[in-house]
Amino acid sequence: MLILLPPSEGKTAPRRGKPLDLDAITAPGLTPAREAVIDALGELCRGDVATAAAVLEVGATQHDLVALNADLASAPTARADAVYSGVVYDALDAATLSPAARRRASTRLAVTSSVFGVVRPADRIPAYRLSGGTTLPGLGPVAAHWRAHLDPAMTELLGGGLLVDLRSAAYAAFWRPSGDLAPKVATVRVLHEVDGVRKVVSHFNKATKGRITRALLEDGANPSTPARLAEALRDLGWLVEVGEPSAKGTQLDVVVEAL
């Protein structure tokens with residue numbers, strides 16, 4: 001099983017640590033594609049700050065985020081699961097996982113990244129600011145860049161296991177599993193039900209996905225199909241409804257009442 005998470009907009013910048021070593025990151029075959037993003041992002045952020053801020057869609061009070069991107073190759077790094085913060089990662093709370101769950105996370109968890117394509121929890125990365133919907137001068141749309149490079153790496157990471165796809169739409173555009181993988185793909189949507197009415201609430205959608213990831217890692221369940229994933233989540237206390245299989249996989253709706 002491979003649980004695929006989105007990154008977080010917010011990140012905890014390492015204060016110290018070894019500089020970036022791209023060859024030491026998961027899927028080193030992506031090194032040229034990663035270098036292309038880092039070079040384009042660095043060139044942008046070492047230029048006019050206002051222009052870079054506009055491209056990155058950061059506010060006038062967030063120009064420190066532009067500076068963060070200027071020299072990623074020499075910036076201090078930390079484990080990816082310590083750098084990514086925000087709602088999903090607060091709920092996952094990787095630092096407090098049991099030793100067994102942390103070992104499972106090292107082989108069953110991956111994060112889509114605008115700069116690195118995909119990383120594992122233990123990969124050492126710097127903090128950065130680059131959203132999945134950004135178009136970088138000299139590179140083009142970040143999502144299109146990764147669509148052109150990610151498939152071999154993701155196919156290798158997945159192997160013959162189940163893909164539990166928890167990405168948001170922006171990051172799902174980085175890599176779409178081929179049709180032959182559909183029977184092994186489960187996407188998860190979180191619905192909040194109040195008085196019989198269901199809706200998606202972004203904050204709690206993210207928090208629930210973080211809790212689901214944590215629970216699966218702690219439990220040790222390793223389902224091989226979307227139906228078995230649904231059974232595992234029900235055993236862990238969630239209300240789960242399974243959609244019809246499609247060419248893109250099977251959607252599981254996790255319905256929550258209390259947030």
Between the CG atom in Leu157 and the CG atom in Leu4, the distance rounded to the nearest 0.5 Å is 9.0 Å
Can you check whether Ala24's main-chain N or O pairs, donor with acceptor, with Arg124's side chain at less than 3.5 Å?
-> no
Less than 4.0 Å between a side-chain N and a carboxylate O, is that true for Arg129 and Glu9?
-> yes
Which atom of Pro121 lies closest to which atom of Ala105, heavy atoms considered = CG-O, 3.5 Å
Taking every heavy atom of Ala110 against every heavy atom of Leu2, the minimum-distance pair comes out as CB-CD1, 4.0 Å
Here the gap from Leu44 atom CG to Asp39 atom CG, rounded to the nearest 0.5 Å, amounts to 12.5 Å
Any side-chain heavy atom of Val55 sitting closer than 4.5 Å to one from Thr135?
-> no
For Thr112 and Pro6, indicate whether the former's side chain and the latter's backbone hold a donor-acceptor pair under 3.5 Å.
-> no
Less than 4.0 Å between a side-chain N and a carboxylate O, is that true for Lys206 and Asp90?
-> no
With rounding to the nearest 0.5 Å, note down the distance linking CD in Glu57 to CD in Gln62.
-> 11.0 Å
What's the spacing between Leu109 CG and Arg120 CZ if we round to 0.5 Å?
-> 8.0 Å
Counting distance only, does the side-chain N/O of Arg16 pair as donor-acceptor with the main-chain N or O of Pro76 below 3.5 Å?
-> no
NZ/Lys11 to CG/Leu68 distance, rounded to the nearest 0.5 angstrom?
-> 8.5 Å
Is there a donor-acceptor pair closer than 3.5 Å between any side-chain N or O of Trp146 and the backbone N or O of Ser114?
-> yes
Heavy-atom donor-acceptor pair, Ser106 side chain to Arg103 backbone, under 3.5 Å = yes
Pro177 side chain near Lys248 side chain, heavy-atom distance below 4.5 Å | no
With side chains defined as the heavy atoms from C-beta onward, is the minimum distance between Trp238 and Val256 less than 4.5 Å?
-> yes
When you measure from the side chain of Ser131 to the backbone N and O of Gly133, does any donor-acceptor pair fall under 3.5 Å?
-> no
Would a 4.5 Å heavy-atom cut-off, applied to side chains only, mark Val119 and Thr26 as touching?
-> no
Pick out which of Asp253, Thr208, Asn205 makes a side chain to side chain donor-acceptor pair (under 3.5 Å) with Arg189.
-> Asp253
If you measure from CG on Leu22 to CD1 on Ile125, what distance do you get to the nearest 0.5 Å?
-> 11.0 Å
If you draw a 6.0 Å radius around CZ in Arg79, do more than 12 non-hydrogen atoms from other residues or ligands fall strictly inside?
-> yes
Can a donor-acceptor pair be found between the side chains of Ser113 and Arg34 at a distance below 3.5 Å?
-> no
Is a donor on one side and an acceptor on the other found under 3.5 Å between the side chain of Lys184 and the backbone of Ser224?
-> yes
Hey, does the side chain of His145 reach the backbone of Ala33 with a donor-acceptor pair shorter than 3.5 angstrom?
-> yes
